[in-house]
Amino acid sequence: MAELKLADYKTTVHNDWCPGCGDFGILNAIQMALSEMQIPRHKAVIFSGIGCSGKTSHFINVYGIHTLHGRVLPFAQGAKIANPDLEIIAVGGDGDGLGIGAGHFVGAGRKNVDIPYLIFNNEVYGLTKGQASPTLRLGEKTKSLVSPNTSNSVNPIALAFVSGFTFIARSYSYDVKHLKDTIQRAIKHKGLAFIDVLQPCPTYDDIHTREWFQGKNKLEPQTTGPRIYKIEDTGYNGTINDESEVNEKMSKILEYSTEWGDKIPIGTFYQNELVPTYHQRIAENNKEYFASPPSHQEISDNENKPIARIDRILDKLKVN
Amino acid sequence: MSNVNSISWLIGGPQGSGVDSAANIFARTCAKEGFHIFGKREFYSNIKGEHSYFTIRVSEKPVNSHLEEINMLVSFDAETVFRHADRVSSGGVIIYDSTLAETTLVEVPTIDFEASNRIRKLLEDSGHSVNLSGMLEFAKSRGCIVYGLPYFEMIEAVAIKMNDPKLSKLARVVNVMAISASISLLGIKKDALTSAIQDVFGSKPKLVTINIEAAEYAYSQMSSKFDPKTIKYKITPKDALQDYLLVSGSQAAAIGKILGGCRFQTYYPITPASDESEFLESNQIIDQSNGKNGSIIVVQTEDEIAAVTMAIGASLTGVRTATATSGPGFSLMAEALGWAGMNEVPLVITMYQRAGPSTGLPTRHEQSDLLFAINAGHGEFPKIVLASGDIEESFYDAIKAFNLAEIYQLPVIHLLDKAISSSIKTCKRFSNELKIERGKFKNNIDKNEGGGAAGHFQRFKLDDSPVSTRVPIGTENAIFWNTGDEHTEEGHISEDPENRNKMMDKRMKKLEIALEKIADDDKVTCYDFGPGAKNVIISWGSTKGAILEAIRKLSEEGNKFRFIQVRLLHPFPTETVKKFLVDANQVIDVEMNYTSQLASLVQQNTRAKIDYKIVKYNGRPMSTTEIYIALKAILSGTNERRIILDGGT
């Protein structure tokens with residue numbers, strides 16, 4: 001098969017995101033990841049939620065399923081369980097995944113279905129004109145809020161860990177190479193992978209702007225340079241090679257997850273492939289699951305008759 | 001009703017004491033003797049201790065409903081007698097625990113305040129003491145025959161006989177002793193009982209032994225102490241029922257799903273829908289005619305929103321997919337239902353109605369979600385709603401639902417209810433000879449066939465047919481998009497007004513085609529009792545059995561009736577219903593809800609006048625008895641245009 005170029009993963013659909021939106025970097029990173037991995041276009045499916053980030057699926061030239069607000073994970077999990085051969089990527093906003101969809105975020109963690117999930121985290125509900133999202137901190141007032149935020153923020157990294165995600169990373173929409181590498185690791189990871197993608201909203205988030213991430217207004221003026229640093233550069237490795245390492249890693253992950261302000265860590269906090277995927281758990285009871293998942297099964301013969309035979313079940317119910 | 005080979009039998013007891021197993025053993029015993037069975041289960045929203053009961057009709061002819069009167073009441077606690085003895089017919093039998101005779105009403109904490117007051121009033125007004133003996137005296141004064149059994153002594157005797165002093169274990173066999181006593185009184189031979197115990201406890205050999213010992217002891221005690229001739233009820237063996245099953249509604253629907261090719265089901269636990277999913281999971285490996293095994297994946301989700309959206313995601317991969325729920329869960333599914341409609345995704349939602357609103361009566365029966373099912377979801381999109389009338393129909397309709405979902409590429413809501421799902425019935429063995437129709441489903445597309453840009457596929461192609469070719473996601477040369485937004489032929493967002501009209505027309509037109517193509521028999525079933533009947537009953541769902549039996553009896557008494565069972569509720573089969581109503585003088589609507597929801601649909605669509613409405617909303621299914629009485633009243637010209645039934649305990 002001919003080599004697929006980056007352009008092959010782009011659609012001609014008009015992109016109506018605001019100029020300078022962090023979504024562009026994320027979109028490019030996904031397209032680059034798919035192209036570098038040469039994933040056949042028909043094998044890949046982008047499931048997206050609702051909001052600006054929800055439109056992502058229309059811009060990528062693979063199957064695209066733009067779902068409902070908050071429900072991207074169950075949609076995506078259903079498809080992946082029914083057909084584990086598909087390369088499914090789920091994307092959505094912070095409000096989508098951690099507000100209206102928070103129950104599914106936790107539910108998905110418990111299942112560990114083999115999909116990567118990217119949250120486009122910009123602290124606001126952009127498409128509805130800038131309300132506070134679940135990741136906006138208590139007391140912060142972005143420009144379209146009437147008064148400072150009265151709800152506290154959720155900690156996505158910690159929530160992912162306690163919910164059971166087996167790959168947890170953070171990246172930054174303007175570090176496209178780092179993000180692309182992280183996406184590729186998440187795709188290759190066997191299990192549910194979460195990437196918290198920090199992303200300025202140039203229209204509504206006037207606090208955590210691109211300049212802010214680059215180091216503007218630091219609390220300690222003597223420090224200069226970007227707030228973001230890569231944990232791998234400090235020698236950290238989030239891979240779990242033995243279950244006994246999980247507890248120690250947990251405290252480090254929680255420490256990273258609360259670090260915010262002058263220093264913001266990105267990188268892969270945690271990767272644990274020792275936890276069986278949901279697919280492996282199904283295969284425990286159903287040995288032929290991988291060879292014959294629901295989407296691959298024949299259900300009728302040439303004459304359109306059912307090929308299922310219910311006699312064994314009926315025999316248990318017969319009266320004589 | 002004749003007294004031989006026809007009986008209305010009831011067993012009750014605290015939840016968790018084996019009332020269900022006992023009723024199943026009794027039902028199987030009678031079925032093995034060649035009799036038709038209909039069993040109705042009633043229980044509280046409770047794990048252990050509250051009163052549950054099971055009514056079994058035994059009949060020489062197929063039977064599909066329950067009666068108000070009880071001919072034989074089988075009990076091993078005081079509450080069952082308190083709650084049901086007043087419904088035992090004259091000449092009927094009550095079996096009770098003789099050691100409980102002095103139990104007073106207030107000593108039974110699970111009898112709620114309202115029921116307790118009713119029972120107290122009944123006993124005081126008739127001059128009886130407010131205890132079990134008083135209740136039994138009251139029954140005797142009405143012509144009932146009572147048999148007291150010292151269960152505790154009997155258990156001790158069995159324990160000694162079996163050389164097993166661990167009585168605590170044996171206390172659980174009191175249910176089997178009670179039914180064994182009733183079987184002995186009815187003159188049924190022991191063999192059928194033993195065989196039924198093996199059927200029910202077959203997988204646990206130790207339980208089989210203990211239960212058979214206990215049953216045999218109770219049987220011989222009963223036959224040595226009491227002469228069966230003293231009662232008028234008898235069950236005499238008939239020719240064996242050839243190729244019959246004893247099956248519940250939720251089992252029937254699940255088996256239909258397996259045969260119909262459902263290979264993915266999601267659910268969130270809810271009464272009375274979960275039984276179906278659990279049955280499917282227990283039968284997840286599927287035998288197939290090609291020699292290979294198939295399988296169904298059953299996924300328990302974090303809530304019903306996940307259940308429906310996960311099912312939709314799975315359906316996109318080409319698998320036949322369903323989710324099963326009840327009213328509260330269905331309420332949560334409404335938004336996703338619209339997404340499936342918008343994206344033309346085949347999906348079956350099996351909806352087991354129960355009494356609402358809100359949590360309502362969570363373990364009780366109602367048919368109050370008809371209009372909700374039809375109207376669920378914001379905006380306008382096509383869906384099909386069908387309703388089964390009994391356990392057999394649940395099986396066949398389960399398969400039909402998948403065919404309709406795939407042919408018309410839309411969500412299908414299959415309405416069942418608590419009365420169907422938890423009842424049991426002897427049914428003719430289900431047929432394998434059915435068709436699977438997948439409509440315009442393809443799983444490969446040639447390079448230039450997609451119709452869109454290179455490698456793209458026009459999933460929502462606007463051409464002569466409103467139903468487009470459908471391929472699973474993952475198919476080569478067929479990339480498309482889905483979105484809950486209005487969309488183009490390839491599935492990209494479009495707010496263009498012309499495109500909007502075309503896409504709305506395309507989707508909604510599918511309902512017109514469905515209405516044209518669905519066979520009349522699948523829309524409405526018409527039963528005529530006597531030619532040219534002018535009294536026409538119209539109903540839907542599980543009232544079928546009780547209505548048919550009531551009008552059969554009325555026709556034997558010289559009255560003519562027509563019964564129209566509406567099976568396709570949406571799109572509404574206006575012309576077919578009109579055809580059957582054309583000669584009606586009196587139209588009588590019967591349904592288990594407050595507002596007569598079908599009547600509204602009939603009036604709205606056909607403009608027919610509904611002359612009488614028979615309704616019920618106390619959570620207990622309609623009995624043949626009460627429908628018979630209500631129809632009698634109508635025949636004799638009652639002024640009541642809305643008759644409210646209130647039977648049931």
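Side-chain atoms are counted along with the backbone in the values below, which use heavy atoms only and exclude waters and symmetry mates. Lettering follows sequence order; numbering is per chain, from 1.
For Thr426(B), the part sitting under 4.5 Å from any heavy atom of chain A is the side chain, from C-beta outward, and nothing else. Contact of Ile493(B) with chain A is made through backbone and side chain together, with heavy-atom distances under 4.5 Å. For Lys80(A), no part sits under 4.5 Å from any heavy atom of chain B, backbone or side chain. If you measure heavy-atom distances from Thr12(A) to chain B, you find no contacts under 4.5 Å at all. Contact of Glu437(B) with chain A is not made at all, since no heavy-atom distance falls under 4.5 Å. Proximity to chain A is limited to the side chain of Asp485(B), based on heavy atoms less than 4.5 angstrom apart. At a 4.5 Å heavy-atom cutoff, the contact between Val62(A) and chain B is made by backbone atoms alone. With a 4.5 Å cut-off on non-hydrogen atoms, Ala311(B) does not touch chain A at all. Proximity to chain A (any heavy atom under 4.5 Å) is shown, for Ala478(B), by both the backbone and the side chain. Residue Gln284(B) touches chain A through its side chain alone, counting heavy-atom pairs closer than 4.5 Å. Heavy-atom distances place the side chain of Gln297(A), and not its backbone, under 4.5 Å from chain B. For chain A, the nearby parts of Ala336(B) are the backbone and the side chain; heavy atoms of each come within less than 4.5 Å. For Leu246(B), the parts sitting under 4.5 Å from any heavy atom of chain A are the backbone and the side chain alike. Using a 4.5 Å cut-off between heavy atoms, His487(B) makes no contact with chain A at all. Of the atoms belonging to Asp303(B), it is side-chain heavy atoms, and not backbone ones, that fall under 4.5 Å from chain A. Neither the backbone nor the side chain of Gln242(B) has a heavy atom closer than 4.5 Å to any heavy atom of chain A. Heavy-atom distances place both the backbone and the side chain of Val299(B) under 4.5 Å from chain A. Both the backbone and the side chain of Tyr244(B) come within less than 4.5 Å of a heavy atom of chain A.
No salt bridge links Glu303(A) with Lys435(B); every basic N to acidic carboxylate O contact stays at or beyond 4.0 Å. Between Glu33(B) and Lys238(B), none of the side-chain N atoms (NZ, or NE/NH1/NH2) sits under 4.0 Å from a carboxylate O, so this pair counts as no salt bridge. With respect to the salt-bridge test (charged N to carboxylate O, under 4.0 angstrom), the residues Asp199(B) and Lys32(B) qualify.
Residues of residues 83-91 of chain A that come within less than 4.5 angstrom of chain B, heavy atom to heavy atom, are Asn83(A), Leu86(A) in numerical order.
With contacts defined as side-chain heavy-atom distances shorter than 4.5 Å, the pair Arg470(B)/Glu344(B) does not qualify. You'll find the side chain of Asp311(A) reaches within 4.5 Å of the side chain of Asn432(B), heavy atoms only. You'll find the side chain of Ser48(A) stays beyond 4.5 Å of the side chain of Phe120(A), heavy atoms only. Contact of the Ile436(B) side chain with the Lys305(A) side chain is not registered, since no non-hydrogen atoms from C-beta on lie closer than 4.5 Å. For the pair Ile307(A)/Glu298(A), a side-chain contact is recorded, criterion being any heavy-atom separation below 4.5 Å from C-beta on.
Your options are Val247(B), Ile312(B), Ile286(B), and the one with the most heavy-atom pairs under 4.5 Å with chain A is Ile312(B). When each of Ile46(A), Ile282(A), Ile81(A), Val45(A) is scored by its heavy-atom pairs under 4.5 Å with chain B, the top score falls to Ile81(A). Contact tally against chain A (heavy-atom pairs below 4.5 Å) for Glu335(B), Lys292(B), Glu302(B): the top residue is Glu302(B). Chain A forms more heavy-atom pairs under 4.5 Å with one residue of Gly318(B), Ala196(B), Ala306(B) than with any other, namely Ala306(B). Heavy-atom pairs under 4.5 Å with chain A were tallied for Gly261(B), Gly474(B), Ala31(B); the largest tally goes to Gly474(B). Among the candidates Asp301(A), Asn61(A), Leu73(A), the residue making the largest number of heavy-atom pairs closer than 4.5 Å to chain B is Asn61(A). With chain A as the partner, the residue from Asn477(B), Val319(B), Thr317(B) showing the most heavy-atom pairs under 4.5 Å is Thr317(B). Taking chain B as the reference chain and counting heavy-atom pairs below 4.5 Å, the highest number among Gly70(A), Pro306(A), Gly107(A) is found for Pro306(A). Between chain B and the options Lys43(A), Arg312(A), Arg110(A), heavy-atom pairs under 4.5 Å are most frequent for Arg312(A). Between chain A and the options Thr321(B), Ile305(B), Asn343(B), Ile285(B), heavy-atom pairs under 4.5 Å are most frequent for Ile305(B).
Between Phe59(A) and Trp17(A), the two ring planes are perpendicular [angle over 60°; tilted spans 30° to 60°]. Using cut-offs of 30° and 60° for the angle between ring planes, the Phe194(A) and Tyr117(A) rings count as tilted.
In summary, the aromatic rings of His492(B) and His58(A) are positioned with their centroids under 6.0 Å apart. In this structure, the ring of Phe457(B) has its center no less than 6.0 angstrom from the ring center of Trp481(B). Aromatic ring centroids of Phe480(B) and Tyr63(A) lie under 6.0 Å apart.
There is a side-chain donor-acceptor pair under 3.5 Å between Asp94(A) and Ser133(A).
Residue pairs meeting the salt bridge (Lys or Arg N to Asp or Glu O under 4.0 Å) criterion with at least one partner in residues 50-64 of chain A, sequence neighbours excluded, are Asp16(A)-Lys55(A).
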Verify side-chain contact (heavy atoms from CB on, under 4.5 Å) between Gln265(B) and Glu276(B), making sure each step is shown before the conclusion. CA-CA 10 Å; Gln265(B) 166 133 331; Glu276(B) 187 205 279; 2.9 Å; yes
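Here the options are Ile258(B), Ile255(B), Val298(B), the test is side-chain contact (heavy atoms from CB on, under 4.5 Å), and the partner is Asn283(B); only Ile258(B) passes.
One finds the OG1 atom of Thr128(A) at 12.0 Å from the CD1 atom of Ile50(A) (value rounded to the nearest 0.5 Å). To the nearest 0.5 Å, atoms CZ (Phe279(B)) and CD (Gln251(B)) are separated by 5.0 Å. Separation of atoms CD (Glu490(B)) and OG1 (Thr11(A)) is listed at 9.5 Å; rounding is to 0.5 Å.
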